[in-house]
Amino acid sequence: GERVLDMCAAPGGKASYIAALMRNTGMVFANDFKKDRLKGLTANLHRLGVTNTVVTNLDGRAFPRLLGRFDRVLLDAPCTGLGVISKDPSVKLQKDFKDLQRCQALQKELLLCAIDAVNVDSKTGG
């Protein structure tokens with residue numbers, strides 16, 4: 001079976017959909033860096049009957065060296081949150097340029113690690 005990594009998985013919609021597509025075979029690693037989000041992630045996976053998923057609480061940048069390679073990797077990287085300015089103008093006051101630079105650097109690091117986590121020799125992914 002395939003090994004699939006959802007690097008930033010909470011609240012679990014994409015991870016559970018992947019598990020359904022895999023028909024609960026293979027192995028899905030549903031990871032989220034923020035520990036407080038794991039409870040909701042785990043609850044959603046249980047509620048949806050997902051049985052082939054391991055929930056982890058790791059920095060996504062650590063995956064290439066910690067858990068080996070994966071057939072497929074999904075990365076929905078953390079964003080700046082600026083897309084909600086039209087609904088909540090106070091967001092402009094909560095973020096500064098340094099916040100945007102930090103988010104951009106994190107997104108780039110996660111993307112590079114996601115690429116490194118893919119098994120180039122995979123028969124089904126890579």
Side-chain angles (χ1 to χ4, degrees):
E2 284 191 313
R3 284 172 39 101
V4 178
L5 169 62
D6 185 347
M7 202 177 264
C8 302
K14 294 177 189 83
S16 58
Y17 183 66
I18 290 168
L21 290 175
M22 294 171 65
R23 299 176 192 242
N24 272 329
T25 62
M27 182 68 66
V28 177
F29 290 81
N31 181 70
D32 208 273
F33 180 66
K34 295 186 177 179
K35 191 171 186 171
D36 59 327
R37 297 180 57 133
L38 296 180
K39 186 176 180 181
L41 169 59
T42 303
N44 284 330
L45 293 171
H46 283 289
R47 181 177 56 82
L48 295 168
V50 175
T51 59
N52 67 333
T53 300
V54 174
V55 175
T56 58
N57 178 218
L58 299 168
D59 184 330
R61 295 170 290 191
F63 271 96
R65 68 180 183 278
L66 286 181
L67 293 174
R69 304 282 185 220
F70 296 85
D71 296 298
R72 301 169 194 268
V73 177
L74 169 66
L75 172 62
D76 185 1
C79 69
T80 61
L82 294 178
V84 299
I85 288 177
S86 63
K87 294 180 184 174
D88 183 5
S90 70
V91 169
K92 285 191 280 189
L93 305 174
Q94 297 168 3
K95 306 277 183 186
D96 63 17
F97 189 66
K98 290 277 188 204
D99 292 325
L100 301 180
Q101 287 179 314
R102 276 191 295 272
C103 187
Q104 178 189 16
L106 175 61
Q107 289 171 337
K108 184 177 180 180
E109 289 173 23
L110 286 169
L111 182 57
L112 292 172
C113 287
I115 292 166
D116 288 343
V118 174
N119 180 359
V120 296
D121 296 321
S122 170
K123 301 281 189 253
T124 58

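Here the structure is a predicted model, which means the values were calculated and not measured. Note that these values count all heavy atoms, side chains included, but never hydrogens, waters or copies made by symmetry.
- Checked against Asn52 for a side chain to side chain contact (heavy atoms under 4.5 Å, CB included), the options Thr25, Val28, Leu45 give a single hit: Val28.
- Connection of Leu66 to Leu74 is not established within any shared hydrophobic cluster, with ILVMFWY side chains joined at heavy-atom distances below 4.5 Å, either directly or through further cluster members.
- Put simply, the side chain of Asp71 does not reach to within 4.5 Å of the side chain of Lys123, judged on heavy atoms.
- Here the side chain of Asn24 pairs a donor or acceptor atom with the backbone of Thr51 at under 3.5 angstrom.
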Identify every side-chain donor-acceptor pair in residues 101-111 under 3.5 Å, counting partners at least two apart or on other chains, and give the distances.
| unit_1 | atom_1 | unit_2 | atom_2 | d |
| --- | --- | --- | --- | --- |
| Arg102 | NH2 | Asp99 | OD1 | 2.4 |
| Gln107 | NE2 | Pro78 | O | 2.8 |
| Glu109 | OE1 | Arg61 | NH1 | 2.6 |

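- If you take CZ on Arg3 and CG on Asn119, they are separated by 9.0 Å, rounding to the nearest 0.5 Å.
- Smallest separation of non-hydrogen atoms from Pro64 and Ala117: CG-N, 4.1 Å.
- Of the inter-residue distances, the one linking Phe29 atom CZ with Ile18 atom CD1 reads 13.0 Å to the nearest 0.5 angstrom.
- Residues Met7 and Val73 approach most closely at CE-CG1, 4.3 Å, considering heavy atoms.
- Linking ILVMFWY residues whenever their side-chain heavy atoms come closer than 4.5 Å, directly or via other members, leaves Leu48 and Met22 in distinct clusters.
- Looking at every heavy atom in both residues, Leu100 comes nearest to Thr80 through CD2-CG2, 3.5 Å.
- From Asp59, atom CG reaches atom OG1 of Thr56 across 11.0 Å, with rounding to the nearest 0.5 Å.
- Rounding to the nearest 0.5 Å gives a distance of 11.0 Å between SG of Cys113 and CG of Leu5.
- In the hydrophobic clustering of this structure, Val54 does not group with Leu21; members are Ile, Leu, Val, Met, Phe, Trp, Tyr whose side-chain heavy atoms approach within less than 4.5 Å, directly or through other members.
- Judged by distance alone, the side chain of Thr42 and the main-chain N or O of Lys39 form no donor-acceptor pair under 3.5 Å.
- One hydrophobic cluster, built from ILVMFWY side chains closer than 4.5 Å, cannot hold both Val50 and Met27; they sit in different ones.
- In this structure, the separation between CG on Asp6 and CG on Asn31 is 8.5 Å, given to the nearest 0.5 Å.
- Within the 3.5 Å criterion, the main-chain N or O of Pro11 finds a donor-acceptor partner in the side chain of Asn44.
- Residue Phe33 places its CZ atom among 12 or fewer non-hydrogen atoms of other residues, nucleotides or ligands, all under 6.0 Å distant.
- Cluster annotation: Val55 is not connected to Tyr17 through the hydrophobic network of ILVMFWY side chains, with a link wherever side-chain heavy atoms come within less than 4.5 Å.
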Between Leu38 and Asp32, is the side-chain contact (heavy atoms from CB on, under 4.5 Å) condition met? List the steps. CA-CA 7 Å; Leu38 296 180; Asp32 208 273; 4.0 Å; yes
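- Closest heavy-atom contact between Gly12 and Leu41: CA-CD1, 3.4 Å.
- Summarising the geometry of Ala19 relative to Thr53, their closest heavy-atom pair is CB-OG1, 4.1 Å, with the distance given to 0.1 Å.
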